[in-house]
Each structure stands twice: as structure tokens, then as C-alpha cells.
Amino acid sequence: PVAQLEDMRRRGGTTDPWLRTGALKGVADGTLGSRTAAMLAPFADDPSTKGIFRIEPDRLKQLVIERDKVGFQIAIHAIGDAANRAALDAFAAAQAANGTRDSRHRIEHAQVVAPDDFARFAALGVIASMQPVHESSDMRWAEQRLGPDRSKGAYAWRTFLNHKVRLAFGTDFAVEPLNPMRGLYACVTRELPEGGPPGGWQPQEKISIDECISAYTAGSAYAEFMEGKKGQIIPGQFADLVVLSTDVTKIPPPQILKTEVLRTILAGRSIYFKP
């Protein structure tokens with residue numbers, strides 16, 4: 001209930017400086033692998049189903065409008081193109097009802113997006129909070145679920161950037177490996193860790209290593225209202241950085257997977273050093 005959420009916010013959430021609270025998460029649909037992602041059309045490999053909504057679209061609109069009205073940031077898990085559209089519809093309804101503010105609402109995963117909806121992310125200021133390693137895990141079977149046409153809107157990092165949509169990358173641990181080198185490799189190759197398919201799956205959606213690093217760092221800081229405090233190695237921001245065994249911006253992509261962290265510095269404190 002909104003009143004309970006407001007009370008929790010007034011009490012300040014956690015007082016642990018390493019854990020921030022405040023955003024609300026809703027789950028609109030299921031997953032692509034289990035065919036429970038909510039799709040606009042039936043799955044290519046099972047025409048009997050279009051997936052499921054965990055929260056029906058009209059109810060989702062109501063929940064988002066109410067919580068946006070009192071100033072919460074909202075993140076909605078949406079995998080399928082129907083779920084992504086429902087999330088965008090809910091954010092649009094909130095803007096119409098409550099006005100526009102710097103809400104930084106997010107769609108978590110944004111894995112399959114209909115062609116007409118990329119521009120809506122940008123127009124509504126919705127952040128695409130994505131996990132590049134999902135692409136390299138799911139590409140083994142994603143096209144079976146989606147078919148060739150819908151696959152063009154899957155894990156579509158380049159299309160998001162072309163539409164001026166802000167990306168915030170992460171790992172979705174523990175569903176996927178925590179190692180961010182897997183994500184960097186996926187960004188620039190869209191290939192399996194062991195290599196292939198040649199040129200990558202849906203290669204038009206590749207992004208550069210610099211764009212990928214930015215989404216993991218500055219992009220994620222922006223998504224939690226922490227730009228200016230972290231996400232970049234510049235004076236005045238938290239001294240969060242890693243020392244790597246090689247320069248990932250200058251090596252052949254397969255070598256990214258072999259890159260090791262030699263030292264980790266968090267808020268100016270050295271917390272890991274490879275023996």
C-alpha cells in the first residue's frame with residue numbers, strides 16, 4: 001500500500017551507507033526461456049501461448065500512477081514485447097495523470113521490444129536497464145522462441161542508443177555469471193563465449209567497448225540518481241575503480257574473457273589485490 005511505502009520512506013530505509021533503498025520494483029511478466037514472457041503474438045515454437053502477465057496492464061497502470069504521484073522511482077521487469085509496451089503505457093499514463101518530472105523510471109531487462117516502442121522509451125525518459133550477458137546466454141534458443149523478425153528487436157542495444165535511450169547495464173547475478181568481462185564481450189561480439197555464430201547473432205545491435213563500459217558505469221549511476229558521485233573516475237567522485245591485467249579497449253574481443261582484475265578500489269579503499 002502507498003501509505004506503508006511512504007511511511008518506510010519517511011523512516012529513511014536502511015542506514016547502511018553501502019545499500020541504498022527507495023526504488024520500487026514490479027514484475028510484469030515471466031521469462032523468454034520458459035515462454036512466460038508476455039508477447040504481442042504467439043511464440044514461434046509454441047503457437048498455443050503468448051506468455052503471461054504477472055500484473056495485468058490496467059492494474060499495472062493504476063499501481064504506477066499511484067506510486068509515481070507520491071514521487072517514487074519505479075522499475076518494471078518486462079521481458080516480452082507486450083510487457084514492455086504495457087510498462088511504457090503505464091509510465092505514459094503516470095505522466096498524463098501526474099505531470100512530467102525527473103522520475104528516471106526504468107524497465108528491467110527490456111529484452112524484446114516492438115519496433116515502434118523504442119522511440120517511446122526516449123520520449124518518456126524511460127531507462128533501459130539491461131544485462132548484456134543475457135544475450136550471450138539466450139541466443140542459443142531465443143530465435144526459436146521469437147522467429148527471425150521479432151529477433152531484430154531483441155537485446156537491441158544499438159537501436160536503443162540510436163534512439164537516445166539511456167542504458168544502464170548490470171549482471172543480474174546470480175542468474176548469470178557475475179564476471180562483467182562476459183558482458184563486455186557480449187556487447188562487442190554478440191557471440192557465444194566459445195565463439196560463433198560468425199559475426200554474432202543480430203550483429204547490427206553490437207555496441208563499442210567504450211559505449212558498453214559507459215552503460216555499466218555512468219549509465220547505472222544515472223539510473224540511481226548518483227551521477228556526479230560515482231560512475232566516472234574524475235575528481236570529486238567516489239574513488240571506485242579496478243586495475244585490469246590488460247586494456248580491454250585495445251585487445252581482440254576474445255581476449256576480453258581472459259582479462260583479470262588485479263586490484264579493486266572502492267571509495268578509495270583497496271579491498272582486493274590479486275596475489
Side-chain angles (χ1 to χ4, degrees), residues 28-29 31-33 37-41 43-44 51 75-92 104-172 176 180 182-192 197-220 222-223 253:
D29 67 343
T31 67
L32 195 60
M39 306 300 298
L40 295 170
F43 282 92
I76 299 176
H77 162 114
I79 301 290
D81 51 12
N84 276 278
R85 181 166 294 178
L88 293 169
D89 288 345
F91 292 140
R104 303 193 195 180
H105 296 323
R106 295 154 38 177
I107 292 183
E108 301 299 317
H109 312 307
Q111 284 187 5
V112 186
V113 176
D116 293 343
D117 287 333
F118 289 100
R120 297 185 68 204
F121 272 82
L124 293 167
V126 174
I127 295 166
S129 174
M130 305 176 75
Q131 299 74 35
V133 72
H134 282 323
E135 183 272 342
S136 56
S137 297
D138 296 356
M139 64 197 255
R140 294 176 173 87
W141 43 260
E143 193 153 339
Q144 298 172 26
R145 301 283 190 275
L146 300 172
D149 291 333
R150 280 185 299 192
S151 294
K152 296 175 183 177
Y155 318 89
W157 312 313
R158 171 56 58 201
T159 300
F160 275 122
L161 289 180
N162 287 347
H163 281 85
K164 310 300 182 185
V165 177
R166 288 186 180 267
L167 295 178
F169 282 171
T171 57
D172 210 27
E176 295 283 7
R182 290 279 297 271
L184 297 180
Y185 173 81
C187 283
V188 299
T189 68
R190 293 181 71 94
E191 294 187 18
L192 296 166
W201 183 65
Q202 299 297 329
Q204 73 279 0
E205 295 299 340
K206 294 177 187 178
I207 59 176
S208 72
I209 188 73
D210 289 332
E211 290 169 327
C212 189
I213 291 171
S214 178
Y216 267 110
T217 54
S220 291
Y222 178 86

Before giving the answer on side chain to side chain contact (heavy atoms under 4.5 Å, CB included), spell out for L124 and L88 the whole-Å C-alpha distance, their side-chain angles and the decisive distance to 0.1 Å.
-> CA-CA 8 Å; L124 293 167; L88 293 169; 4.1 Å; yes
Take V165 and V126, measure what side chain to side chain contact (heavy atoms under 4.5 Å, CB included) needs, and give me the verdict at the end.
-> CA-CA 7 Å; V165 177; V126 174; over 6 Å; no
Find the distance between CG (L146) and NZ (K152) and round it off to the nearest 0.5 Å.
-> 13.0 Å
Say you draw a straight line from OG of S214 to CZ of R166; how long is it, rounded to the nearest 0.5 Å?
-> 9.0 Å
Say whether, by atom type as modelled, one donor and one acceptor occur between the side chain of D29 and the main chain of A83 under 3.5 angstrom.
-> no
Okay, side chain of S220, backbone of F169: is any donor-acceptor separation there less than 3.5 Å?
-> yes
Does the side chain of E211 pick up a donor-acceptor pair with the side chain of W157 at under 3.5 Å?
-> no
Decide yes or no on side chain to side chain contact (heavy atoms under 4.5 Å, CB included) for M139 and R190, but give the supporting numbers first.
-> CA-CA 9 Å; M139 64 197 255; R190 293 181 71 94; 5.6 Å; no
Would you call I127 and R104 a side-chain contact if the rule is heavy atoms closer than 4.5 Å?
-> yes
What is the ring orientation for H109 with H134, classed by angle as parallel under 30°, tilted 30 to 60°, or perpendicular over 60°?
-> perpendicular
Roughly how far, to the nearest 0.5 Å, is the OG atom of S151 from the CG atom of D138?
-> 11.0 Å
What is the minimum heavy-atom distance between G147 and A44, and which atoms define it?
-> N-CB, 3.6 Å
Rounded to the nearest 0.5 Å, the CD1 atom of I209 sits from the OH atom of Y185 at a distance of 12.0 Å
Here the pair of heavy atoms bringing E135 nearest to A186 is OE1-CB, 4.0 Å
Interatomic distance, CE@M130 vs CZ@R106, rounded to 0.5 Å, equals 13.5 Å
Contact summary for W201 and A154, nearest pair of heavy atoms | CH2-CB, 4.0 Å
On a heavy-atom basis, the closest approach of P253 and T189 is CB-CG2, 3.4 Å
Steps toward side chain to side chain contact (heavy atoms under 4.5 Å, CB included) verdict (R150, M39) = CA-CA 10 Å; R150 280 185 299 192; M39 306 300 298; 3.7 Å; yes
Nearest heavy-atom contact between I79 and H77 is CG1-NE2, 3.5 Å
Does any non-hydrogen side-chain atom of D89 lie less than 4.5 Å from one of R120?
-> yes
Which pair of non-hydrogen atoms, one from L184 and one from C212, has the smallest distance, and what is that distance?
-> CD2-SG, 3.6 Å
So do F118 and N162 actually touch side chain to side chain, heavy atoms under 4.5 Å?
-> no
Going from CG on L32 to CD on Q111, what distance comes out if it is rounded to the nearest 0.5 angstrom?
-> 6.5 Å
Mark yes or no for whether D81, through its side chain, and L40, through its backbone, hold a donor-acceptor pair below 3.5 Å.
-> yes
Backbone N/O of A114 and side chain of N84: donor-acceptor pair under 3.5 Å | no
